[in-house]
4 protein chains.
Amino acid sequence: MTNRKQQREKILDAAFEVFGSKGYYEAKMIDIAKLAGVSKGTLYLYFSSKESLYIAVNNRSFDEFLYHAKRRTDECQTFHEKLYSIAKHHLLFFYETKKYPDSFWQAPHQMPEMMGRLHQFFEDYHGLVAKLIEEQKIKNAFLHSKAFCSMLNGYRMDIVSNDDITEEDIMNYAEFIVNLYIEGCYFES
Amino acid sequence: MTNRKQQREKILDAAFEVFGSKGYYEAKMIDIAKLAGVSKGTLYLYFSSKESLYIAVNNRSFDEFLYHAKRRTDECQTFHEKLYSIAKHHLLFFYETKKYPDSFWQAPHQMPEMMGRLHQFFEDYHGLVAKLIEEQKIKNAFLHSKAFCSMLNGYRMDIVSNDDITEEDIMNYAEFIVNLYIEGCYFES
Amino acid sequence: MTNRKQQREKILDAAFEVFGSKGYYEAKMIDIAKLAGVSKGTLYLYFSSKESLYIAVNNRSFDEFLYHAKRRTDECQTFHEKLYSIAKHHLLFFYETKKYPDSFWQAPHQMPEMMGRLHQFFEDYHGLVAKLIEEQKIKNAFLHSKAFCSMLNGYRMDIVSNDDITEEDIMNYAEFIVNLYIEGCYFES
Amino acid sequence: MTNRKQQREKILDAAFEVFGSKGYYEAKMIDIAKLAGVSKGTLYLYFSSKESLYIAVNNRSFDEFLYHAKRRTDECQTFHEKLYSIAKHHLLFFYETKKYPDSFWQAPHQMPEMMGRLHQFFEDYHGLVAKLIEEQKIKNAFLHSKAFCSMLNGYRMDIVSNDDITEEDIMNYAEFIVNLYIEGCYFES
DNA sequence: TATGAATGAGTGTTCATTCAT
DNA sequence: CATGAATGAACACTCATTCAT
């Protein structure tokens, strides 16, 4: 029944919000239930434990993130454009989820399954970017990819904590990072 | 009494290990006490709460990190050397604390004081690096600084989870990132 | 409709197995439903609660047990034969239900109705045996009856937990107890 | 410190009462704590779980029961006297703990450690009685022992549920069972 | 009649913190 | 100063029961 799917999504949405804004440990199952408009027991009809719900939430986000990242780069032509689309997508994700600063990209180290999944996500994401870089005949594409993505990550704290940042600022950031990556630190001189 | 100072340090050392390896929430006060060789009650003679102990641990690490970062760059002459010293120091810190993967650089968002202190640390650290960059007449030095430091952060997961990485690999990473930052992605071609 | 009767029996059979092997508290309604091949809701169409299902299961077992006990003694002639048929029947019941070691003969004291029913069962059973004893002009037949039946009960744990026991061993046990009861402890000398 | 021992005993006493009157599953840790005059948390300073508390309670009872059973038979001379002392002790135990009808002699089958301990208790108890019987050159002393003890068990329900029973009745019961065991069913004729 | 999704009261257990010694 | 026994609030999870379909 499609209803079951909908219910599951409703719970995942609520869990995304609560986990995202409070972090795993401060998030309470009862809060997720209330936000989803269901009872505590219902949560356990769809997910076997708090941990597995957390993992499911993250998995969904990972998949979505990668799906859109890929789709958008595919629509671009030049190397610069492709990197720019990655950067925009990455930073906009932070921007759009700024209310949920604890949403993934980090995981309790005591949760092996989650850590594994997180690694895999980064592997996939970096692999995606590495492919673009390889096409430029650049060596060590994976190292490059990590460096590039990490620069993007570095702006998360700004985006999350600075209320004045606009979508336009995000675009400028993205442009800046792409240029810096391609041309090196003297590019604006 | 210097004894009091020593006791405090012993507790901070233990707390660093336990918080660092388990994360804030999985770390138990009793474990810290045991590792420090004192009783649970004693912890509260030196720190008013788990949270304040956590903050103290991080503060000490921040200060130490910044102190050494500054000292080492001061010993260097060229821009390249200075950046390299930052990179080495940063990555070696990850390398030397790989047993404590949860040690700071991230904080529970529900802990405002800690978040503030974390912001300040990054501000200070980025400021330090920004000064080096500014000396090169590069504009937006703070943005550059964030980008540079973020690239370094990006290798943390590798360093922490890959047991085969040697100190030599760390040096190569550092060299790589400095070159990438200065010359841009085509630097090896 | 006979179908309703059949369904009820199917549920009672399943409940006998589950209550018998797990005990009242560890038995779950969902397990009973699954084993009976019906839904959880259906259970409540036939029995108003877990407790009443439990009582129904026990009642059925009590009735069956007494019915056969009576039938078999009626077929015997001598006192010895009659006691032997009781003993065999009693021990064989333990033997045949050894997979369900929690099946009744004991009840949660917090379940007054069940306790009452259990008392009644013992009253009936002891009454049955007491009648045989009275025919021998033995005084205090009810006391005798309790003593005799209790000896049989005492072998339950052996029968349930010892996998090597055969049906032949059961017969020997029965014979032993009858002799002991009739002749006293020196009967084999 | 002796205080720790006292506290432990206080908790065991409370647990004996609560487990004994409600049974394992209906007994609540909070009730035990209240009766012991401590907090719920304190229970866990002395026993790691509800189950281990339950086992500890039973172990204490087993040990005490066996200790006194042995001591009393040792004081007797003749076979009849020894059996009588066993019977009195056994039935008086039921009489004195009639307020705690769920107190041991039975255990949740889902609790392997407890079941094992229960088996061992019976082994020990039957062994004790078997030794007395063996001294009479009676064969299969262990079988006899089980039969004898089981007869005693059989009066538990009467003792527990019949408020009119006096200590004198208990003595008569004991005498009756010993005679029945030694002389067989026709002993009063 | 039959289903099974939904409920929510109930409980064992943990652990930061306190305080009498 | 130092201890560690005691506290009790807090929370994940279970499961008998209900009821809309």
Side-chain angles (χ1 to χ4, degrees), chain A residues 1 3-4 6-8 11 25-34 36-54, chain B residues 1 3-4 7 24-34 36-54, chain C residues 1 3-4 7 24-34 36-54, chain D residues 1 3-4 6-8 11 25-34 36-54:
Chain A
M1 210 193 291
N3 205 354
R4 180 152 180 100
Q6 283 171 354
Q7 194 82 328
R8 202 187 130 95
I11 292 172
Y25 291 97
E26 296 291 343
K28 306 304 168 196
M29 290 301 264
I30 182 68
D31 295 333
I32 295 173
K34 275 179 185 161
V38 300
S39 77
K40 215 160 17 115
T42 301
L43 259 37
Y44 290 87
L45 293 177
Y46 292 85
F47 302 94
S48 62
S49 66
K50 185 184 182 184
E51 186 171 328
S52 83
L53 173 54
Y54 183 69
Chain B
M1 206 192 295
N3 204 350
R4 180 157 177 97
Q7 189 103 113
Y24 179 74
Y25 291 98
E26 297 289 344
K28 307 304 169 197
M29 291 300 265
I30 182 66
D31 294 333
I32 295 172
K34 275 181 184 161
V38 299
S39 78
K40 239 179 329 155
T42 302
L43 259 36
Y44 289 87
L45 295 175
Y46 292 84
F47 302 94
S48 64
S49 67
K50 184 184 184 184
E51 185 171 329
S52 82
L53 173 54
Y54 183 71
Chain C
M1 207 193 295
N3 205 350
R4 180 158 177 97
Q7 189 102 108
Y24 179 75
Y25 292 98
E26 296 289 343
K28 308 303 168 199
M29 291 300 266
I30 182 66
D31 295 332
I32 295 173
K34 275 181 185 161
V38 301
S39 77
K40 237 176 335 153
T42 301
L43 258 37
Y44 288 86
L45 295 176
Y46 291 85
F47 303 94
S48 63
S49 67
K50 185 184 182 183
E51 186 171 329
S52 82
L53 173 55
Y54 183 70
Chain D
M1 207 191 295
N3 205 352
R4 183 158 175 96
Q6 284 172 356
Q7 194 82 327
R8 202 187 129 94
I11 292 172
Y25 291 98
E26 296 291 343
K28 305 306 168 195
M29 290 302 264
I30 183 68
D31 295 333
I32 295 174
K34 275 180 186 161
V38 299
S39 77
K40 218 158 18 117
T42 301
L43 260 36
Y44 289 87
L45 292 178
Y46 293 84
F47 303 94
S48 63
S49 66
K50 185 184 183 184
E51 185 171 330
S52 82
L53 173 55
Y54 183 70

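First the proteins, then the strands, lettered A, B, ... as listed; each starts at 1. Just the heavy atoms: all of them, side chains too, but no hydrogens, waters or symmetry mates, feed the values below.
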Along DNA chain F (nearest heavy atom to each residue), the more 5'-positioned of A:E26 and B:Y46 = B:Y46
Taking atom types as they are modelled, is there a donor-acceptor pair under 3.5 Å from the base of E:dT13 to the side chain of D:K40?
-> yes
The answer to which of A:G37 and B:S48 contacts DNA chain E further toward the 5' end, by nearest nucleotide, is A:G37
Could you state the interatomic distance from NZ (C:K40) to CG (C:D31), rounded to the nearest 0.5 Å?
-> 11.0 Å
Across all strands shown, which nucleotide pairs with E:dA20 by Watson-Crick or G-U wobble geometry, both distances under 3.5 Å?
-> F:dT3
Candidate nucleotides E:dC15, F:dA2, E:dA5, ranked by approach to the side chain of A:L45 - the nearest | E:dA5
From A:L53 atom CG to A:M29 atom CE, the distance as rounded to the nearest 0.5 Å | 5.5 Å
Using atom OH of B:Y54 as one end and atom C1' of E:dA16 as the other, report the distance to the nearest whole Å.
-> 17 Å
Between NZ of A:K34 and C1' of E:dA6 the distance, given in whole Å, is 17 Å
Nucleotide nearest B:S39 (side chain, heavy atoms from C-beta), chosen from F:dA2, E:dG12, E:dA16 = F:dA2
Rounded to whole angstroms, how far apart are CZ on D:R4 and C1' on E:dT21?
-> 17 Å
Pairwise distance CD1(A:I11) to CD1(A:I32) - rounded to 0.5 angstrom | 9.5 Å
Taking a pair as Watson-Crick or G-U wobble with both distances under 3.5 Å, which nucleotide is matched to F:dT14?
-> E:dA9
How long is the line joining OH of D:Y44 and P of E:dC15, in whole Å?
-> 13 Å
Starting from P on F:dA6, measure out to CE on B:M29 and report it in whole angstrom.
-> 20 Å
Report the distance from atom CG of A:N3 to atom P of E:dG4, rounded to the nearest whole Å.
-> 15 Å
Contact nearer the 5' end of DNA chain E, comparing B:I30 with D:A27 = D:A27
Integer-rounded Å distance: F:dT17 P and C:L43 CG = 10 Å
Picking from F:dA2, F:dA12, E:dA16, which would you name as closest to the side chain of B:Q7?
-> F:dA2
Identify whether NZ of Lys or CZ of Arg in A:R8 sits under 6.0 Å from the centre of the six-membered ring of A:F47 and within 45° of that ring's axis.
-> no
Which heavy atom in B:Y24 sits nearest to a heavy atom in B:K50, and how many Å separate them?
-> O-NZ, 3.0 Å
Between atom OH in C:Y24 and atom P in F:dC15, what is the gap in whole Å?
-> 13 Å
Residue D:K50, side-chain heavy atoms: nucleotide from F:dA12, E:dG12, E:dA6 that is nearest = E:dG12
